[in-house]
Protein chains: 2
Amino acid sequence: MPGDRVAVSGVDAWRPADGRATIVDVAAAAGVSRQTVTRAMNDMPGISPRTKARVLAAAQELQYRPSRFGRGLVKPSQRTLGLLVTDLTNPYYPELASAVIGAAAERGWSVVLAEEKHATDHRRQVRELAGQVDALVGYVGAEHPGRGEDTDERLGVPLVQVDVEPHQTDHGGVVFSPRLGVEQAIEHLAGFGVRRPVMIDSAGPDLPSRRGRLFVDGWAARGVDALWIPAGDATVTTGVSGLERALGERPDLDAVLAFNDVMALGVLSALRGHGIGVPDQVRVIGVDGLSLGELANPRLTTIAIDLAVVARLAVELAVGMDGGTVPRSGPGARRSVSYQLHVRESA
Amino acid sequence: MPGDRVAVSGVDAWRPADGRATIVDVAAAAGVSRQTVTRAMNDMPGISPRTKARVLAAAQELQYRPSRFGRGLVKPSQRTLGLLVTDLTNPYYPELASAVIGAAAERGWSVVLAEEKHATDHRRQVRELAGQVDALVGYVGAEHPGRGEDTDERLGVPLVQVDVEPHQTDHGGVVFSPRLGVEQAIEHLAGFGVRRPVMIDSAGPDLPSRRGRLFVDGWAARGVDALWIPAGDATVTTGVSGLERALGERPDLDAVLAFNDVMALGVLSALRGHGIGVPDQVRVIGVDGLSLGELANPRLTTIAIDLAVVARLAVELAVGMDGGTVPRSGPGARRSVSYQLHVRESA
DNA sequence: CTGAAAGCGCTTACAG
DNA sequence: CTGAAAGCGCTTACAG
């Protein structure tokens with residue numbers, strides 16, 4: 001009986017020298033046809049227990065694993081989303097990733113996560129990822145001058161950019177709208193009588209961020225001159241150095257808006273180093289609404305964006321584009337989410 | 001000319017009513033054979049510019065995307081790793097995930113990331129993930145009594161458990177060895193004259209963790225009675241409540257080992273609330289070595305495990321099992337990594 | 001430069 | 001209960 005031959009002659013006689021065992025190898029080893037192997041492997045009816053056991057034994061002996069490509073070709077396949085983030089070490093991205101994975105799971109999609117920092121060639125990374133998934137979501141080309149070059153059409157899959165520039169309509173995206181949140185923050189600070197506010201921005205010397213410009217302009221509209229400090233990339237370290245510079249230029253500052261929560265943590269730490277009380281002497285606000293801010297002392301007040309909403313919209317767009325119910329570019333391919341002030345302790 | 005027909009009659013005439021356009025649809029639309037479409041899509045030589053342009057136009061018109069299954073069946077395919085984590089909101093997991101994604105990228109593997117918290121049925125989630133990838137790494141069944149039920153054989157793909165119990169040899173895994181690190185921590189604390197140490201453990205009332213037992217036993221060997229507090233799941237909140245309980249039972253405590261860094265942050269915060277100085281009055285140590293601890297004030301001393309090493313070993317095992325060069329169970333399928341004390345400021 | 005043929009590994013009807 | 005046939009969407013030789 002063929003089943004016995006397997007046990008006696010062992011694995012190597014059956015496994016092809018190169019590559020894995022296929023359904024045909026298992027069928028041969030068990031002395032049955034291919035579809036009998038399918039029945040055994042997939043717990044389908046119409047197979048005798050004896051045969052099933054024999055097939056399963058042969059499969060195990062050969063370390064047989066059905067090819068997901070062969071199967072995918074013929075069965076309605078699991079869809080998968082590619083999520084591209086810059087750096088999981090920045091706490092913003094895990095929160096986004098968790099939200100996206102959750103939103104995708106709700107629709108039965110799984111998520112391939114790629115980190116830009118691990119790629120030597122970002123553009124190639126994006127193309128490779130695109131080849132493995134049904135739609136792409138995240139920060140695609142975010143750090144690059146050519147952002148926008150990787151269009152949907154070039155990639156071959158729908159592309160949903162997170163935090164996309166409002167004017168970019170050549171692919172899908174979720175637009176982040178800071179206007180409301182920044183206005184709320186100014187209002188909040190003004191209510192405390194703040195007159196010497198500072199923006200510690202993540203930017204080069206001549207390029208304020210959108211939120212930075214809104215903050216400065218908002219104060220100007222109230223007749224208050226806000227100091228704008230470009231501090232470089234948004235890390236705890238630049239938060240510290242930014243605050244030092246701010247203190248140098250405006251020793252009597254009474255409020256700080258940091259570009260994001262991570263930078264705000266640096267600001268908090270630097271203020272503590274100077275023995276300056278928060279929020280009594282200086283009020284500090286971050287941006288993003290990360291759960292990290294809850295751990296700070298004092299707990300960080302922040303202009304928050306709801307990443308669960310962002311994720312839901314992004315996944316919804318991607319799934320819709322994949323299904324053809326959402327256009328893959330133009331205004332119809334965009335959604336907008338507003339920031340909102342979350343008052344905690346630091347302001 | 002067929003190319004014109006596409007432009008004139010538009011998309012819908014060509015796209016099959018159900019499902020996406022295939023290579024055959026594009027070939028028909030462009031009036032060429034299938035392999036000419038392949039040549040155009042993949043930038044292969046042996047095609048005239050005119051033809052290529054015509055094919056590309058048709059492909060775009062039909063929103064044609066090559067099926068990754070069809071392609072995967074016939075080309076040496078991109079391998080992918082499934083990484084299963086419990087909850088990305090716990091900062092331990094993003095650090096692990098980032099390391100695993102990096103290690104996988106070095107070998108040309110991509111990573112599907114699944115979060116256990118999003119699954120209604122964990123076992124099913126694991127099976128589905130297994131069907132999409134070439135190997136599985138991470139916390140598989142970690143939170144479940146039946147941990148170990150999901151074997152390599154049942155799943156059909158190699159399984160590498162991270163932080164596997166040392167006695168589990170029925171599948172691959174990376175073993176975490178706390179002995180050295182805990183011993184170093186005790187030595188370090190003893191050097192400061194600590195005599196009233198406390199372990200705030202993540203555990204039920206009768207089940208100390210391995211590190212918890214090592215800590216208590218290590219002190220006992222020095223004739224010092226360490227207080228053991230079971231505080232429940234390891235969060236900032238339980239860190240706080242655990243410290244409160246410890247203070248109740250031993251008001252003069254002079255050192256705390258928390259189950260992990262996240263809990264230690266809670267301990268730090270609670271001590272600050274009581275106006276107790278760290279490290280002057282009480283020395284605090286966490287476990288894991290997360291970068292988060294650098295942000296704490298004072299910076300957190302911690303018994304660290306090198307997640308880059310863990311990730312490299314886990315991926316190495318998974319890749320080796322996939323390639324057949326590493327056994328899929330038994331002692332040969334395991335690697336061990338030791339914790340080591342990282343002295344920062346809190347102790 | 002272009003196309004007819006074969007085959008990748010699997011599953012789904014359809015016969016027996 | 002079991003197997004012979006057809007086909008999923010693609011690419012790789014091989015002819016012309």
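All figures in this text were calculated on a predicted structure; none of them were measured in a lab. The basis for the numbers below is simple: all heavy atoms, side chains too, and nothing from hydrogens, waters or symmetry mates. Here is how names work: the chains are called A, B, and so on, in the same order as the sequence lines, proteins then strands, and each is numbered from 1.
B:D43 has its CG atom 12 Å from the P atom of D:dT11, to the nearest Å. Rounded to an integer number of Å, the gap from CD of B:Q35 to C1' of C:dT2 is 8 Å. Separating the CG atom of A:L62 from the C1' atom of C:dG9 is a distance of 15 Å, rounded to the nearest angstrom. Straight-line distance from the OH atom of B:Y64 to the P atom of D:dG9: 10 Å, rounded to whole Å. Atom C1' of nucleotide C:dT2 and atom CZ of B:R50 are separated by 15 Å, given to the nearest angstrom. Atom CG of B:N42 and atom C1' of D:dA13 are 16 Å apart (whole Å). The CG-P distance, from B:D25 to D:dG9, rounds to 8 Å in whole Å.
No donor-acceptor contact under 3.5 Å links the side chain of B:R65 to the base of D:dG9.
With C:dT11, D:dT11, C:dC1 as the choices, the nucleotide that has an atom nearest any side-chain atom of B:T51 turns out to be C:dC1. Comparing C:dG3, C:dT11, D:dC10 by their nearest atom to the side chain of A:T38 picks out C:dT11. When distances run from any side-chain atom of B:T22 to the nucleotides D:dG9, C:dC10, D:dT2, the shortest one goes to D:dG9. Comparing D:dT11, C:dC10, D:dT2 by their closest approach to the side chain of A:I23 singles out C:dC10. The A:M44 side chain lies nearest to C:dT12 when the options are D:dT12, D:dC10, C:dT12.
Contact annotation for B:V24: no contact, since no heavy-atom pair falls under 4.0 Å across all strands. Among the heavy atoms of the strands lying under 4.0 Å from A:I47 are primed sugar atoms or P, OP1, OP2 only; no base atom is included. Residue contacts for B:S67: at a heavy-atom cut-off of 4.0 Å it reaches the sugar-phosphate backbone alone, with no base atom in range. Nucleic acid contact for B:S48: sugar-phosphate only, since backbone atoms but no base atoms lie under 4.0 Å from a heavy atom of the residue.
A salt bridge links B:D322 with A:R65: at least one charged nitrogen is closer than 4.0 Å to a carboxylate oxygen.
Base-pairing analysis of DNA chain C finds the following stems of at least three consecutive Watson-Crick or G-U pairs, with both pairing distances under 3.5 Å: C:1-3 with D:14-16, C:5-12 with D:5-12, C:14-16 with D:1-3.
A pairwise comparison of heavy atoms in A:T51 and A:S48 identifies OG1-OG, 2.6 Å as the closest pair.
Contact of the A:V55 side chain with the A:R39 side chain is not registered, since no non-hydrogen atoms from C-beta on lie closer than 4.5 Å. Counting only heavy atoms from C-beta outward, the side chains of B:R79 and B:V319 never approach each other to under 4.5 Å.
Between the side chain of A:R312 and the backbone N or O of A:A103, no donor-acceptor pair lies under 3.5 Å. The backbone N or O of A:G332 sits less than 3.5 Å from a side-chain atom of A:R335, completing a donor-acceptor pair.
For B:K75 and C:dC8, the shortest distance from a side-chain N or O to OP1 or OP2 is not below 4.0 Å. Here A:S33 does not reach the OP1 or OP2 of D:dT2: none of its side-chain N or O atoms lies under 4.0 Å away.
Each of B:L73 and B:R34 was assigned the nucleotide of DNA chain C with the nearest heavy atom; the assignment lying further toward the 5' end belongs to B:R34. Along DNA chain C, the nucleotide nearest B:K52 and the nucleotide nearest A:R68 are compared for position; the residue whose nucleotide lies closer to the 5' end is B:K52.
Side-chain contact, B:S110 with A:Q132: a donor N or O sits under 3.5 Å from an acceptor N or O.
Atoms OH and CD, from B:Y93 and B:E116 in turn, are 8.0 Å apart once rounded to the nearest 0.5 Å.
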